[in-house]
Amino acid sequence: MSISDPIADFLTRLRNAYRASHQEVSIPASNIKKRISEILKREGYIEDFSYVPDKRQGMLVIRLRYDENGKPVVKGLVRESKPSRRTYVSSDELPKVRAGLGTAVISTSRGVVTDRQARKEKIGGEYLFSVW
């Protein structure tokens, strides 16, 4: 089975795992998914992640994060740029998700970064998704 949008698949697996109150979720690995996982960990949306090699592309095992009441830390994940409709933003058009309380993930010429990093470096790129 081929996946036409691996980032949307990544986000859907995370969303579904949070809704089912799983402690961790396994996702087929790729370099961009590893970078997105690093960003989600640094921003506090997931506990941790690890790469597990297998005979194909390997798997990312992501440990999900919940608050002290057992509620998911992630309230929303929205894919912004899609294969059928790409969304690009310049450095002065970078979005502020939930008035700065969320994070926008941008794919730039310098790699995958958050909206705050892109604003600081004054670079734009493809607006991948929002998380809050």
Side-chain angles (χ1 to χ4, degrees):
M1 180 177 141
S2 69
I3 299 171
S4 64
D5 189 1
I7 296 172
D9 177 64
F10 175 87
L11 298 176
T12 299
R13 287 178 191 236
L14 277 179
R15 198 178 303 115
N16 289 344
Y18 272 118
R19 285 186 182 154
S21 298
H22 289 280
Q23 293 303 309
E24 60 184 35
V25 60
S26 296
I27 299 171
S30 71
N31 288 336
I32 194 163
K33 291 178 192 175
K34 286 180 196 174
R35 182 66 183 128
I36 290 170
S37 298
E38 290 170 7
I39 289 172
L40 292 176
K41 180 181 176 186
R42 188 178 66 238
E43 295 291 318
Y45 293 111
I46 62 173
E47 278 297 322
D48 201 6
F49 73 97
S50 60
Y51 174 74
V52 179
D54 64 8
K55 294 185 192 269
R56 287 183 262 163
Q57 66 196 45
M59 297 294 278
L60 285 175
V61 178
I62 298 175
R63 280 204 340 255
L64 305 176
R65 187 170 180 201
Y66 296 90
D67 66 11
E68 59 277 350
N69 298 325
K71 302 270 190 213
V73 172
V74 173
K75 304 295 184 221
L77 282 165
V78 177
R79 178 77 158 118
E80 299 294 341
S81 183
K82 302 173 183 177
S84 61
R85 183 189 46 83
R86 299 287 183 187
T87 305
Y88 296 96
V89 291
S90 64
S91 60
D92 56 339
E93 296 173 332
L94 289 166
K96 285 199 174 196
V97 180
R98 301 284 169 140
L101 297 176
T103 303
V105 178
I106 314 290
S107 177
T108 69
S109 58
R110 297 183 192 156
V112 180
V113 297
T114 65
D115 58 329
R116 288 184 270 303
Q117 289 172 303
R119 213 172 275 112
K120 185 174 134 186
E121 296 178 20
K122 293 184 173 41
I123 54 174
E126 185 180 356
Y127 182 11
L128 296 178
F129 68 93
S130 301
V131 58
W132 65 90

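The basis for the numbers below is simple: all heavy atoms, side chains too, and nothing from hydrogens, waters or symmetry mates.
Without hydrogens or angle criteria, K41 side chain to F49 main chain gives no donor-acceptor distance under 3.5 Å. Counting only distance, with no hydrogens or angles, the side chain of R65 and the backbone of G44 share a donor-acceptor pair below 3.5 Å. Remark: the backbone N or O of V131 is not paired with any side-chain donor or acceptor of R98 at under 3.5 angstrom.
Minimum interatomic distance between A104 and Y127 (heavy atoms only, all atoms of both residues): CB-CE1, 3.6 Å. Listed here is the closest heavy atom pair of Y51 and A29: CE1-CB, 3.6 Å. S26 and M59 get closest at one heavy-atom pair: CB-CE, 3.7 Å. When every heavy atom of S37 is checked against every heavy atom of I46, the shortest pair comes out as O-CD1, 3.6 Å. A pairwise comparison of heavy atoms in P72 and Y18 identifies CB-CD2, 3.4 Å as the closest pair. Contact between R79 and D5 at its shortest, heavy atoms only, is NH2-OD1, 3.0 Å.
Side-chain heavy atoms closer than 4.5 Å link hydrophobic residues (I, L, V, M, F, W, Y) into clusters, and following such links, even through other members, never connects V89 to V112. Residues V105 and V113 fall into different hydrophobic clusters, defined by Ile, Leu, Val, Met, Phe, Trp and Tyr side chains chained together at heavy-atom separations under 4.5 Å. Note: the hydrophobic cluster containing I39 also contains I27 (ILVMFWY, side chain heavy atoms under 4.5 Å, direct or indirect links). Linking ILVMFWY side-chain heavy atoms closer than 4.5 Å, directly or via other members, places I106 and V78 in a single hydrophobic cluster. Note on Y66: it does not cluster hydrophobically with W132, by side-chain heavy-atom contacts below 4.5 Å among ILVMFWY residues.
One distance of note links CD of E24 with CG of L64; it measures 8.0 Å at 0.5 Å rounding. The NZ atom of K120 sits 9.5 Å away from the OG1 atom of T114 when rounded to the nearest 0.5 Å. Here CD1 of I36 is found 10.0 Å from CG of L60. Values are rounded to the nearest 0.5 Å. Note that NZ of K96 and CZ of R116 are 9.0 Å apart. Values are rounded to the nearest 0.5 Å. How far CD1 of I7 is from OG of S30: 7.5 Å, rounded to the nearest 0.5 Å. Atom OG of S91 and atom CD of E121 lie 11.0 Å apart (nearest 0.5 Å).
E68 meets the side-chain hydrogen bond (donor to acceptor under 3.5 Å, both in side chains) test with no other residue; sequence neighbours excluded. Taking K71 as the reference, nothing meets the salt bridge (Lys or Arg N to Asp or Glu O under 4.0 Å) condition, with sequence neighbours excluded.
Ion pairing between a basic and an acidic side chain is recognised when a charged N comes within 4.0 Å of a carboxylate O; R35 and E38 show such pairing.
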Go through the steps for L77 and F10 under the test side chain to side chain contact (heavy atoms under 4.5 Å, CB included), then give the verdict.
CA-CA 10 Å; L77 282 165; F10 175 87; over 6 Å; no
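Side-chain atoms of S81 and E126 form a donor-acceptor pair, as typed in the model, at a separation below 3.5 Å.
Looking at heavy atoms from C-beta onward, D115 lies in side-chain contact with T103 at the 4.5 angstrom threshold. No side-chain heavy atom of H22 sits under 4.5 Å from any side-chain heavy atom of N16. Inter-residue side-chain proximity for L14 and V74 is flagged as unmet; no heavy-atom pair is nearer than 4.5 Å.
Taking Ile, Leu, Val, Met, Phe, Trp and Tyr as members and joining any whose side-chain heavy atoms lie under 4.5 Å apart, directly or through other members, the hydrophobic cluster of V52 also contains V61.
Counting non-hydrogen atoms of other residues, nucleotides and ligands closer than 6.0 Å to NZ of K75 gives a total above 12. More than 12 heavy atoms of other residues, nucleotides or ligands sit less than 6.0 Å from atom CZ of R86.
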